[in-house]
Protein chains: 2
Amino acid sequence: MNKDKAKEQLEEYLKSHNYRVTKERFEVLNAAMNYNGHFEADELFAILKSKKSKVSRATIYNTLEVLVNCGLIFKHRFNDNLSRYEKAFGRSRHDHLICLGCGDIIEFVFPQIEVIQKDICKKQNFVPQNSTFQIFGYCKKCQK
Amino acid sequence: MNKDKAKEQLEEYLKSHNYRVTKERFEVLNAAMNYNGHFEADELFAILKSKKSKVSRATIYNTLEVLVNCGLIFKHRFNDNLSRYEKAFGRSRHDHLICLGCGDIIEFVFPQIEVIQKDICKKQNFVPQNSTFQIFGYCKKCQK
DNA sequence: CTGCCTGCAAAACTTTTGCAATGCG
DNA sequence: CGCATTGCAAAAGTTTTGCAGGCAG
């Protein structure tokens, strides 16, 4: 089952970095893996709280960073003043259309983007870690 | 002269939208046009203040939004918790490499990106307003 | 003159930090 | 047991907002 593999991956990552394996970290992982779509830190906090979890905001932020670092979730900064996250486990590269009307985030896959990236980085002698292509505009529903 | 054309463009934009033409807006425009590279809102505020300008933070934010809307500056959200701006006037499309080591922002031009964008938007029936391709990684200096 | 725009200060919001308590290794 | 991690609350930092006064049209 996917969720178990994610758990395994986190545990391995923690151990190999001499970080402690705590139940809080798995609670955050679970909430993140169960979330369908893009979520904010405070959203996870609310969800966990509603499930009577005692995980604090500080731990959420701490753990989200860990999860980003071990590749289990992506972190995005779109147009506004907060970070959005999404499950990365088992997903391949994709990018986003962001609707300025309704705020919807639409994903797309376009393999050529990675080719371009390699090309650019080679030219600039730049070692890429990750990248994002964001297109802002209006989705089908929001065009007048 | 370029600066006069930018001024003209702003004035026209303001009038056509029934916004008022104020000296504060031109002070912000000037500071933005004189800035070489990427700047933050508070940086402009400091610069203006050091020049004995009385423009307030509120007006800076207000005006930066106006300038973005009339195409005189670009607004970017990179990895961190603030907005960065840069002159757009007289510049063509370019994208950014952001160094995770030293924070440098390196620009690059890659015309094919716009072709891809058109392709994607057509497929998704999405009307693009603007877009950004950001590559995070390590620049020449910051590779070990 | 009308009401948009400004400056100031406070508020709002996300994220980070300090500290004592907890519990992993 | 030692110390990384946690919860809580406060702090930090950017951006927004409310309000009284000022100035563009």
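Every chain is numbered from 1 and lettered A, B, ... according to where its sequence line falls, protein lines coming before strand lines. As the structure is a computational prediction, the values presented were derived from the model and not from experiment.
Between the CG atom of B:Leu82 and the P atom of D:dT14 there is a distance of 6 Å, given to the nearest Å. Computed from coordinates, the A:Leu14 CG to D:dT6 P distance equals 10 Å when rounded to whole Å. Going from atom CD of A:Glu27 over to atom C1' of D:dG7 covers 13 Å, rounded to whole Å. One can place CZ of B:Arg77 at 12 Å from P of C:dT14, the figure rounded to the nearest angstrom. A straight line from CG of A:Asn79 to P of D:dT16 spans 11 Å, rounded to a whole angstrom. In this structure, the NZ atom of A:Lys15 is 16 Å from the C1' atom of D:dA4, given to the nearest Å. What separates CZ of A:Phe26 from P of D:dT6 is a distance of 11 Å, to the nearest Å. When rounded to the nearest whole Å, the span between CZ of A:Phe78 and P of C:dT14 equals 17 Å.
When all heavy atoms are compared, the tightest approach of A:Glu43 to A:His38 is OE1-O, 4.5 Å.
A salt bridge is defined here as a Lys NZ or Arg NE, NH1 or NH2 lying under 4.0 Å from an Asp or Glu carboxylate O, and B:Glu107 with B:Arg93 fails to meet this definition. A salt bridge does not link B:Glu11 to B:Lys7: none of the charged side-chain nitrogens sits closer than 4.0 Å to a carboxylate oxygen. Salt-bridge check for B:Arg91 with B:Glu86: passed, with a basic side-chain N closer than 4.0 Å to an acidic carboxylate O.
Checked against the 6.0 Å centroid criterion, the rings of A:Phe108 and A:His96 do not qualify as a close aromatic pair.
Taking 4.0 angstrom as the limit, B:Tyr61 places none of its side-chain polar atoms (N or O) nearer than this to OP1 or OP2 of D:dT16. For B:Ser83, no side-chain nitrogen or oxygen approaches OP1 or OP2 of D:dT14 to under 4.0 Å.
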Decide side-chain hydrogen bond (donor to acceptor under 3.5 Å, both in side chains) for A:Thr59 and A:Glu24; before the verdict, give the C-alpha distance in whole Å, the side-chain angles of both, and the deciding distance to 0.1 Å.
-> CA-CA 8 Å; A:Thr59 299; A:Glu24 287 85 358; over 6 Å; no
Please produce a list of atom pairs where a protein N or O lies less than 3.5 Å from an N or O of nucleotides 5-11 of chain C.
{"unit_1": "C:dC5", "atom_1": "OP1", "unit_2": "B:Arg20", "atom_2": "N", "d": "2.9"}
{"unit_1": "C:dC5", "atom_1": "OP1", "unit_2": "B:Arg25", "atom_2": "NH1", "d": "3.4"}
{"unit_1": "C:dT6", "atom_1": "OP1", "unit_2": "B:Thr22", "atom_2": "OG1", "d": "2.9"}
{"unit_1": "C:dT6", "atom_1": "OP2", "unit_2": "B:Asn62", "atom_2": "ND2", "d": "3.1"}
{"unit_1": "C:dG7", "atom_1": "OP1", "unit_2": "B:Lys54", "atom_2": "O", "d": "2.9"}
{"unit_1": "C:dG7", "atom_1": "OP1", "unit_2": "B:Val55", "atom_2": "N", "d": "3.4"}
{"unit_1": "C:dG7", "atom_1": "OP2", "unit_2": "B:Ser56", "atom_2": "N", "d": "2.9"}
{"unit_1": "C:dG7", "atom_1": "OP2", "unit_2": "B:Ser56", "atom_2": "OG", "d": "2.9"}
{"unit_1": "C:dG7", "atom_1": "OP2", "unit_2": "B:Thr59", "atom_2": "OG1", "d": "2.4"}

